[in-house]
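Notes to accompany the following structure.
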Amino acid sequence: MNNSITVAVIGAGAAGLMAAGTAAQQGARVLLFERNEKVGRKLAITGKGRCNVTNNCDMQEFLTHVPQNPRFLYSALGAFSIQDTMTFFEELGVPLKTERGNRVFPQSDKARDIVDALFFWVKRCGVTIVQERVTGIQTDETGVVGVKTEGKLHRADRVIVATGGKSYPLTGSTGDGYAWAQELGHKVTPLHASLVPLVCPGKTCPRLQGLPLKNVTLTIFENNKKLYEGFGEMLFTHFGISGPLVLSASSHMRKWDKATYRAEIDLKPALDEAVLDKRILSDFSQELNTDFRNSLGGLLPRKLIPIVVERTEIDPHQKVNAVTKKQRQKLVQELKHFALDITQPGPIEDAIITSGGVSVKDIVPKTMESKKVPNLYFAGEIMDVDAYTGGFNLQIAWSTGYLAGLHAGSDRA
């Protein structure tokens, strides 16, 4: 083992912790810079505090969940696979479980267990954690020579930038790494919120605020062309829609400056339109003298009924025995195609991840080393690679962090 190499890792999130520990295991002296008092602050709140560690699928299926530059990840996933991730945490004493959609969580349902396991692992590996804010990367004609903090230069032979994106700035993700990358000649692709709630105009969503929908199908249209379809859960908010389905859909929506978007919710995906019409007729036959507005309790959540009634334009006081076939068709359409216009994504500060970042064309995929600056490496969300919700983004962090640490920490002489 060679201890003559010093590696500086900037950012103690998922990718940074993995990179630091891996580099130390190669025999390098590792300095892990983190401005927060504790490591893994964003990691501690992922998966609603449960931490969706990875997704238990094969590589080919995994890559279908990466809309942005999936081929770039072949080497990283080959070097540190999904199975490697699961074995890694199990061996650190964190038992895992696989849930619906192949999502992997700690059995304890506590993200803190993942953060603690990583923290104690890097300490055992000999990593030195430096609680200082990095202000820049020092280079000369040979490549990187260290990192700058306020008024100080920390010498390093290799530097790994794992500063994350711009989402969740209160956890320390302020986007500093993008500016450093640009200063050193790298292209940074436009940054967008991804895995983010969506903003809908009008009064419908505020009226439905707090209403969850389960087992629905969400379809997103881009310029009236189907862009995304998914089945699962979502939530109405005071400004629009959120929840797992919506977050996944948002990562497909990348043309906000030139496209229009519309959501359609199928509230009854298990029933086709003909079967649903029969179901409505059956319900109506049980209460022929009931007002229309009081007849939908078996079909819809109470909060949604007045909205659907308004959209059908059927008199809420009309008796159901007087509802015509044409009116029933309008009701079926609303239940199968509950439409909402979408004007914009929520703010990047509310996004789970940032789409865009350091161009992968400027990074060697087999090592994560910069093509522009020798001995400079990137890992995790700072790169222009992002995926859908479900543990995929954290796996990208583990795999790219491992690969960067492996190569930055090894003696190539």
Side-chain angles (χ1 to χ4, degrees), residues 45-52 55-57 61-62 64-68 98-105 167 192-202 204-222 224-256 259-271 299-301 303-304 307-308 334-348 350-355 386-394:
I45 61 174
T46 59
K48 296 180 181 177
R50 296 175 63 216
C51 191
N52 188 179
N55 192 281
N56 192 5
C57 62
E61 184 181 347
F62 185 98
T64 65
H65 290 80
V66 183
Q68 196 74 352
T98 301
E99 297 186 357
R100 181 174 54 83
N102 294 322
R103 296 166 187 243
V104 179
F105 294 90
S167 54
H192 301 287
S194 188
L195 301 183
V196 69
L198 299 171
V199 177
C200 303
T204 297
C205 292
R207 288 172 65 187
L208 295 172
Q209 178 181 351
L211 175 67
L213 296 178
K214 296 185 177 181
N215 302 320
V216 297
T217 297
L218 174 69
T219 305
I220 300 293
F221 293 88
E222 181 179 84
N224 293 317
K225 183 178 179 181
K226 185 190 288 188
L227 175 68
Y228 168 87
E229 184 175 278
F231 174 82
E233 301 176 15
M234 58 177 289
L235 173 75
F236 290 99
T237 72
H238 66 285
F239 60 81
I241 50 177
S242 188
L245 267 182
V246 174
L247 299 183
S248 292
S250 71
S251 60
H252 296 257
M253 303 162 73
R254 298 171 180 268
K255 300 178 181 177
W256 293 102
T260 58
Y261 291 102
R262 182 179 86 256
E264 283 190 5
I265 306 166
D266 185 345
L267 298 162
K268 296 293 172 185
L271 308 177
L299 280 171
L300 291 168
K303 211 168 188 178
L304 197 51
I307 306 282
V308 169
E334 282 302 324
L335 296 176
K336 299 291 287 182
H337 305 277
F338 189 89
L340 296 164
D341 290 329
I342 301 166
T343 53
Q344 64 191 68
I348 200 165
D350 292 344
I352 293 178
I353 61 163
T354 306
S355 175
D386 63 273
Y388 307 146
T389 185
F392 302 100
N393 288 291
L394 267 183

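Just so you know, residue 1 is the first one in the sequence shown, and it goes up from there. Values below: every heavy atom of this structure, side chains too, minus hydrogens, waters and symmetry copies.
Annotation: side chain of L227 is not in contact with side chain of F221 (no heavy-atom distance under 4.5 Å). Counting only heavy atoms from C-beta outward, the side chains of D386 and N393 approach each other to under 4.5 Å. Looking only at side-chain heavy atoms (C-beta outward), T217 and I265 stay at 4.5 Å or farther from each other. Within the 4.5 Å cutoff, side-chain heavy atoms of F231 are placed close to those of P269. Annotation: side chain of F239 is in contact with side chain of P197 (closest heavy-atom distance under 4.5 Å).
Formation of a donor-acceptor pair under 3.5 Å by the K268 side chain with backbone atoms of V216 is not found in this model. A side-chain donor-acceptor contact under 3.5 Å links K303 to the backbone of Q209. Within the 3.5 Å criterion, the main-chain N or O of L245 finds no donor-acceptor partner in the side chain of S248.
The side chain to side chain contact (heavy atoms under 4.5 Å, CB included) test applied to P212 returns L235, not counting sequence neighbours. Legend: residues meeting salt bridge (Lys or Arg N to Asp or Glu O under 4.0 Å) with K336, ordered by chain and number and at least two apart, are D266. Under the rule for a side-chain hydrogen bond (donor to acceptor under 3.5 Å, both in side chains), the partners of E264 that lie at least two apart in sequence or sit in another chain are R262, H337. Every residue meeting the ring pair (Phe, Tyr, Trp, His ring centres under 6.0 Å) condition with H252, not counting sequence neighbours, appears here in chain and number order: Y228, Y388.
Checking S250, S251, S242 one by one against V196, the side chain to side chain contact (heavy atoms under 4.5 Å, CB included) holds for a single residue, S250. The only member of I241, L198, L247 that meets side chain to side chain contact (heavy atoms under 4.5 Å, CB included) when paired with M234 is I241. Of the candidates L218, L300, L267, F338 forms a side chain to side chain contact (heavy atoms under 4.5 Å, CB included) with just one, namely L267.
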Show the numbers, then the answer: is there a side chain to side chain contact (heavy atoms under 4.5 Å, CB included) between N55 and H65?
-> CA-CA 10 Å; N55 192 281; H65 290 80; over 6 Å; no

Walk me through it: do M253 and E222 pass the test side chain to side chain contact (heavy atoms under 4.5 Å, CB included)?
-> CA-CA 8 Å; M253 303 162 73; E222 181 179 84; 5.6 Å; no

Might you work through the side chain to side chain contact (heavy atoms under 4.5 Å, CB included) test for T389 and R103, ending with a clear yes or no?
-> CA-CA 9 Å; T389 185; R103 296 166 187 243; 3.9 Å; yes

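Ionic pairing of R50 and E99 is present here: one or more N-O contacts between side-chain nitrogen and carboxylate oxygen are shorter than 4.0 angstrom.
Note on residues 204-214: pairs passing salt bridge (charged side-chain N to carboxylate O under 4.0 Å, His left out), not counting sequence neighbours, are R207-E310.
For F62 and F392, the distance between ring centers is under 6.0 angstrom.
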Going by atom type alone, with no hydrogens or angles, which donor-acceptor pairs under 3.5 Å involve a side-chain atom of residues 339-348 and a protein atom two or more places apart or on another chain?
unit_1	atom_1	unit_2	atom_2	d
T343	OG1	V199	O	3.3

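Put simply, CG on L213 and CD on E233 are 9.5 Å apart, with the number rounded to the nearest 0.5 Å.
Nearest heavy atom pair, residue G390 against residue N52, reads C-OD1, 2.9 Å.
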